[in-house]
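Below: the structure, in structure tokens.
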Amino acid sequence: MSGRIGITTRRKGVAAIAAAAFFVVPASTFGAACKQEQAVYVDRDGAYELRFAPLNSPSAAASNQFKVSALKTSVVMEGYVMPSEDPVRAIGILMFNCPEGDATGADLNACTVWQGAVYGMDAEGEMDNLQPEGAEAAEKIVLPGLGPAIRESSAWGEGKAVVAPWDVLVFKECAT
């Protein structure tokens, strides 16, 4: 009788360990099942969220679009990733409060918060250009110089962003 109880207890123990392992797996390991246009990322301090969205246009010049929100504020910046050549790079631009409709180059320069290369990083730490819509979501997104650029922009100040993000954002979830 005691042998049977031991086996039952052992099975319950194994089931509990398996269940615990499933629930403590970081969200980033689920990024592999997510497409880039559905991926959501956060900075290490939990102050910013980067959320990709589908372009919904097969003829768009951009390869990705996203929004960066300074959490606990009303600041939402809009961004796009576009392919460039020589050298091949995924180039991003992040804007805040740009005018609607026709805008001059000066208008666009005034509302541009950040511009630069956009890198995706896989689970092994390998970096590459951010892949376009339809590709597997990157584990991490790297936007070099993002924090200092936000600090120097119109998105910074009282009633706006007051914490500069880290340049690396980690996969949080897959939006549906």
Side-chain angles (χ1 to χ4, degrees), residues 26-31 34-57 60-84 89-122 125 127-176:
S28 64
T29 60
F30 297 114
C34 187
K35 299 294 182 197
Q36 192 62 60
E37 65 270 19
Q38 297 172 304
V40 180
Y41 298 84
V42 292
D43 72 313
R44 71 177 183 185
D45 299 320
Y48 287 82
E49 179 182 87
L50 186 151
R51 183 174 290 267
F52 283 92
L55 286 165
N56 295 323
S57 173
S63 59
N64 305 87
Q65 73 175 344
F66 60 94
K67 290 184 187 281
V68 174
S69 300
L71 302 176
K72 300 179 184 171
T73 75
S74 61
V75 172
V76 178
M77 298 166 272
E78 295 189 32
Y80 295 91
V81 180
M82 296 152 282
S84 73
R89 291 281 184 266
I91 301 297
I93 186 166
L94 186 62
M95 299 166 286
F96 179 64
N97 283 346
C98 283
E100 296 288 327
D102 289 338
T104 66
D107 291 336
L108 293 176
N109 283 338
C111 68
T112 298
V113 172
W114 172 87
Q115 191 170 346
V118 181
Y119 301 104
M121 189 181 298
D122 65 18
M127 274 190 0
D128 197 358
N129 289 313
L130 182 68
Q131 298 303 304
E133 283 191 354
E136 184 177 295
E139 294 289 320
K140 297 178 182 176
I141 300 291
V142 181
L143 305 169
L146 177 64
I150 288 176
R151 210 175 17 251
E152 297 296 320
S153 76
S154 62
W156 186 264
E158 191 173 325
K160 298 179 185 174
V162 293
V163 175
W166 189 242
D167 295 352
V168 178
L169 296 112
V170 180
F171 181 85
K172 174 185 173 187
E173 64 189 2
C174 191
T176 54

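When a residue number appears, it is its place in the shown sequence, counting from 1.
- Between Lys35 and Glu37 there is no salt bridge, since no side-chain N of the basic residue sits under 4.0 Å from a carboxylate O of the acidic one.
- Atoms CD1 and CE, on Ile141 and Met127 in that order, are 11.0 Å from each other to the nearest 0.5 Å.
- Contact between Ala90 and Val81 at its shortest, heavy atoms only, is CB-CG1, 3.8 Å.
- Summarising the local packing, NZ of Lys160 is surrounded by more than 12 heavy atoms from other residues, nucleotides or ligands at distances under 6.0 Å.
- With rounding to the nearest 0.5 angstrom, the CD1 atom of Ile93 is 7.0 Å from the CG atom of Leu108.
- Asp167 contributes no side-chain N or O that, together with a main-chain N or O of Val142, makes up a donor-acceptor pair within less than 3.5 Å.
- Using modelled atom types, one side-chain atom of Glu133 and one backbone atom of Leu55 make a donor-acceptor pair closer than 3.5 Å.
- Listed for the Tyr41 side chain is a donor-acceptor partner under 3.5 Å among the backbone atoms of Ala138.
- Between the CE atom in Met95 and the OG atom in Ser153 there is a gap of 13.0 Å [rounded to 0.5 Å].
- Between the side chain of Gln115 and the backbone N or O of Gly92, no donor-acceptor pair lies under 3.5 Å.
- Looking only at atom types and distance, the side chain of Asp107 has a donor-acceptor partner in the side chain of Thr104 under 3.5 Å away.
- Note that CG of Leu143 is 6.0 Å distant from CG of Leu169, once rounded to the nearest 0.5 Å.
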Please lay out, stage by stage, how Cys111 and Asn97 fare under the test side chain to side chain contact (heavy atoms under 4.5 Å, CB included). CA-CA 6 Å; Cys111 68; Asn97 283 346; 5.6 Å; no

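- When the shell of 6.0 Å around CH2 of Trp156 is examined, it contains more than 12 heavy atoms from other residues, nucleotides or ligands.
- With hydrogens and angles disregarded, a donor-acceptor distance shorter than 3.5 Å links the side chain of Gln131 to the backbone of Asn129.
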If you apply the rule side chain to side chain contact (heavy atoms under 4.5 Å, CB included), what do you find for Val170 with Arg44, and how did you get there? CA-CA 7 Å; Val170 180; Arg44 71 177 183 185; over 6 Å; no

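- Note that CZ of Arg89 is 4.5 Å distant from OH of Tyr119, once rounded to the nearest 0.5 Å.
- Trp114 places no side-chain N or O within 3.5 Å of a backbone atom of Pro148 that could act as its donor or acceptor partner.
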Verify side chain to side chain contact (heavy atoms under 4.5 Å, CB included) between Phe96 and Leu94, making sure each step is shown before the conclusion. CA-CA 7 Å; Phe96 179 64; Leu94 186 62; over 6 Å; no

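- Shortest non-hydrogen contact noted between Gly147 and Ala164 is O-CB, 3.7 Å.
- Checked by atom type and distance alone, the side chain of Tyr48 pairs as donor or acceptor with a backbone atom of Val163 at under 3.5 Å.
- For the atom pair CD of Glu158 and OG1 of Thr73, the computed distance is 13.0 Å after rounding to the nearest 0.5 Å.
- Taking every heavy atom of both residues into account, Ala39 and Ala137 meet most closely at CB-CB, 3.8 Å.
- In this structure, Val162 and Gly157 approach most closely via the heavy-atom pair CG1-O, 3.5 Å.
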Evaluate the side chain to side chain contact (heavy atoms under 4.5 Å, CB included) criterion for residues Phe52 and Leu130: first the C-alpha distance (whole Å), next the side-chain angles of each, then the deciding distance (0.1 Å), finally the verdict. CA-CA 12 Å; Phe52 283 92; Leu130 182 68; 3.7 Å; yes

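- Minimum heavy-atom separation, Val75 to Ala161: CG2-N, 3.8 Å.
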